[in-house]
Structures are given as structure tokens and as C-alpha cells.
Amino acid sequence: MNNNYNSGNNNNRLTRLEIYWILYDVGNSAFVLLVATIVPIYFYYLAGEAGISEVNYLAFWGYAASVATVVVALIGPVLGSIADRQNYKKPLFTVCMMVGVIGCAALSVPSSWIVFLAVFVIAKIGFNASLIFYDSMLTDVTTEDRLDTVSSNGYAWGYIGSCIPFIISLVFVLFYDAIGISFRMAMTIAFVLNAAWWLLVTLPLLKNYRQTHFVSETQTGSLSRLGHTFLEIFRQKNIFYYLLAFFFFIDGVYTIIDMATAYGKALGLDTTGLLLALLVTQIVAFPFALLFGNLSKKFRTDQLIQFCIGAYTCIALFAIQLDKQWEFWLLAVCVGMFQGAIQALSRSYFAKIIPPEKSGEYFGIYDIFGKGASFMGTFLVGIVAQLSGNTNAGVSVLAVLFLIGFVLFGKAAKMNR
């Protein structure tokens, strides 16, 4: 383990393989942006046609997101462990990526809100599972001293690159009447366009990636090795406390991503304003993700992560009283400032403290504590909103998650120094 979190290469020029790896962030981020904006609006439309109330709409959306992440949490560590065998990572990555791409395109088919949610869950499972292998590829495509830089570039270019298919989709979704097509046809174009974008920008990575870190043939008993790794993590308190902290603070981050538009719609905010505000989030996230990547050469990564968690706590507290359009815009800008940074630095920080030959296995476990654990946030927001009949009450739980994450991360950071 290298404790020098401040190390860095003065050469900021990205290699070709690093660029190809970053391009997958550009591709899958189009799906993330779609899920954060257009998908819940279309679900709101389908649910409205079926007579579903606004509170139940928000709850059902949260439950669907929770199901997808729980499934990946259960299968992720096993898949990650298998991926650590020589030449296994790329095929597994390809299968999961294709499930996500096909699922994204297939969202255009259902006219029933229940079937639509089922397709959405399948697409999200493919997307989330692909990230286990993608994140673990980081140690194969770059060197340890460039982990923060490359990871930050991934999120940064993912945010700005995903705006291209999103803006095109937005034109069809917002102006379908003027164009002379139906709303459903506009949505079909949006889903297929984003799926095609996701696939096309992934092709360079599929062609050029080679797995350089893997376990030896004598260590390939995946299930027994996985059990040993869980025990190993529990003994390595620096990793254990980091994952525990990550469970709480990133849970809040992903809940905000998953439910921002659904929350805004449930509050009755204007659809066009919501979409444009979230587009602003993507644009703001681009320079700030790069900024934090550069700051990691001057400040310890753990300090930057703690700063981001503190900022997110303030964001969650502000969101509790949100009921005006301008407040949602302000929230969108603030989220954009820290969203890419906290995700990128959390990923590279973890990559530094784990054995690279077991990156698939460790990132499979990382997914349990990260996206796999985000079921808790979406579930809590949904259940509290339903029980109280107040959408703002549901958001209040996020501030608690960030505070717990901040305390636990502080403990982990001391152990890793």
C-alpha cells in the first residue's frame, strides 16, 4: 500500500489507453443523465395516465432504483472475483455493458408503467454491473501516481460528453409538437440515440484494453477467494472503515442523482426548468472534476473527499426546504461542483489502498458499499415520503447519511496516512 496520496506525475498528457478508458465514462454517463432527467419524466407521464398519485410515483421510482442496486450488490462481488482471472475482465464487462445498452434502447417499447419499470431495472443492472469491471480496469490502464488524475478526467469528460446526446434528445422531447411527432416517438428517439452513443464510444476500449493485473491460476477458486477477501478486509481496518464511510456518504450522492428529477416533479416544478437545471449540473461538473483532480497533486485526497462530504451535507440540508424553481437551479449548480469530484476521488482513493491483481474482486465489494448500497437512500426517501405524505421529509434522511459518512471517513483517513 502506498500512503503517499499526494504523489503525482507532472506530465498531465493522457495516454491513448487512458483516453479510451475515459471514453466509457462519456458513454455510460449519457445513460446516467437520461435516468436523472428524461426517464423519470416519461415514467411520470405513464404513471399519470394510470392514475398513480405523485407521492406513490416518487416511491415506486425509488423502489425500482433500489431493486436494481440490490441485485448488483448480490452478484457484484462474485462477478468481480471471476473477473480477476486472466482475460476474464473484458468479456464480463462487454456482456454487462450490452445488457445496459439494449435495455436503454428497449425503454422505448413499454406503454405500461409497470413494464417500463421492469425494463428500467434490467438496464440499470447492466449499467451498474459494467462499472464494477470498468472501475477495476483503472489499475490496468494507468500508473498509481496518475490514478486521481485519470479518474477525475473520466468523470469530467463523462459529464460534458454526455451533454451531446442529451441536448439532441432534449430538442425532440421538448419540441416534439413543433417537429410534428408524438411525445412517445420523441422518447423513442431519445432512448435509442443514447443507447447508440453509449455503445459507439465504448468500442475503442473494447478493442484496445488488455488485463495486466490478475490472480495466478492457483488462486482462481472464486468463491473461496471471495470469502477470504471479506475476512481480509475486516482485518484491514483502513479498508474496512473506508468502505463503511463510503457506504453512507456515496449513498447520499447516488440517491440525489437517482431521484433529483423525480423529487422536482413531485414538488410540481416545471419540466423544462428541471431539465435545463440538470444540464447546468453536467456543465458545472466538468471543470470542477478537473479542478479537484489537479488539487489532488497539492492536497491529500482524503482532505478533498472530506471537503466534498461537508459540502454535500449542506446541500442536503438546503434541499429539505426546497419548493421554488430558482432553489432547484441553485441546488443543481452546487451539486455539479462536487458530484464528479467526490465520485472520482473516492474511486482513485480506493484503487490506491487495494492489491491491483484483485481489483475486480475488491471493486465488486466496493460496489456493495457504493451503488449496491444506494438502495438504502432511495428506499428511505420513498418510505418516509409515503409515511409522512411529504416529499421534503424524505430528503431529510440524506443529511444524516452524509454526517455519518463524514465521521467514519475521518477515522479511515487517519489509518491510511
Side-chain angles (χ1 to χ4, degrees), residues 28 30-72 96 98-129 165-166 169-170 172-177 179-199 255 257-272 274-275 278 374-375 378-379 381-383 385-386 389 391 394:
N28 74 64
F31 178 72
V32 175
L33 185 53
L34 199 70
V35 169
T37 54
I38 294 175
V39 174
I41 288 171
Y42 189 51
F43 173 60
Y44 183 79
Y45 165 77
L46 294 177
E49 285 194 330
I52 305 297
S53 72
E54 290 180 345
V55 169
N56 284 330
Y57 148 74
L58 182 67
F60 288 138
W61 181 252
Y63 297 152
S66 298
V67 169
T69 49
V70 167
V71 170
V72 175
C96 292
M98 287 305 301
V99 169
V101 167
I102 294 170
C104 178
L107 286 170
S108 60
V109 178
S111 57
S112 161
W113 69 273
I114 298 176
V115 178
F116 180 85
L117 274 188
V119 175
F120 167 70
V121 167
I122 293 169
K124 198 149 194 268
I125 288 171
F127 161 73
N128 282 341
F166 176 71
S169 300
L170 210 56
F172 286 101
V173 172
L174 295 180
F175 305 108
Y176 65 91
D177 221 2
I179 296 171
I181 59 175
S182 67
F183 178 60
R184 289 195 176 184
M185 177 55 69
M187 293 304 303
T188 297
I189 293 170
F191 292 139
V192 173
L193 173 65
N194 281 271
W197 172 271
W198 185 356
L199 177 62
T255 301
I257 293 171
D258 283 341
M259 302 192 74
T261 303
Y263 178 55
K265 286 297 294 179
L267 289 173
L269 300 182
D270 173 65
T271 297
T272 303
L274 286 173
L275 292 175
L278 290 165
S374 68
F375 79 92
T378 51
F379 179 81
V381 169
I383 199 72
Q386 274 193 317
T391 52

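Values in this document were obtained by computation on a predicted structure and should not be read as measured data. What you see below is based on every heavy atom in this structure, not just the backbone, and it leaves out hydrogens, waters and symmetry mates. The residues of the chain are indexed from 1 along the displayed sequence.
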So which atom in Tyr176 and which in Ala186 form the shortest heavy-atom distance, rounded to 0.1 Å?
CB-CB, 3.7 Å
What verdict does the side-chain contact (heavy atoms from CB on, under 4.5 Å) test give for Val39 and Phe191, after you've listed the backbone C-alpha separation in whole Å, the side-chain angles of each residue and the deciding distance to 0.1 Å?
CA-CA 9 Å; Val39 174; Phe191 292 139; 3.7 Å; yes
Can you measure from CD1 (Ile38) to CG (Leu174) and round to the nearest 0.5 angstrom?
7.5 Å
Quick check: closest heavy atoms across Phe60 and Leu117, and the distance to 0.1 Å?
O-CD1, 4.0 Å
So do the side chains of Phe166 and Leu170 get within less than 4.5 Å of each other, counting heavy atoms only?
yes
Side chain to side chain, Tyr45 and Arg184, heavy atoms closer than 4.5 Å
yes
If you look at every heavy atom in Pro40 and Val35, which pair is closest and at what distance?
CD-O, 2.9 Å
Using side-chain contact (heavy atoms from CB on, under 4.5 Å), reason through Val173 and Phe183 one step at a time and then give a plain yes or no.
CA-CA 7 Å; Val173 172; Phe183 178 60; 4.1 Å; yes
Close side-chain approach of Val119 and Val109, heavy atoms under 4.5 Å
no
Taking the six-membered ring for Trp, are the ring centroids of Tyr42 and Phe116 within less than 6.0 Å of each other?
yes
Spatial distance of atom CD1 (Ile179) from atom CE (Met185) [nearest 0.5 Å]:
12.0 Å
For Pro165 and Leu193, work out which heavy atoms get closest and say how close.
O-CD2, 3.7 Å
Taking the six-membered ring for Trp and the full ring for Phe, Tyr or His, determine whether the centres of Phe120 and Trp61 are under 6.0 Å apart.
yes
Any side-chain heavy-atom pair of Phe31 and Val101 under 4.5 Å
no
If we only count heavy atoms from C-beta on, is the Ile383 to Tyr63 side-chain gap below 4.5 Å?
yes
Is there a side-chain contact (heavy atoms from CB on, under 4.5 Å) between Val71 and Val121 once you walk through the steps?
CA-CA 9 Å; Val71 170; Val121 167; 5.7 Å; no
For Trp113 and Ala47, the nearest pair of non-hydrogen atoms, with its separation, is CB-N, 4.1 Å
In short, Cys104 meets Leu34 closest at the heavy-atom pair SG-CD2, 3.9 Å
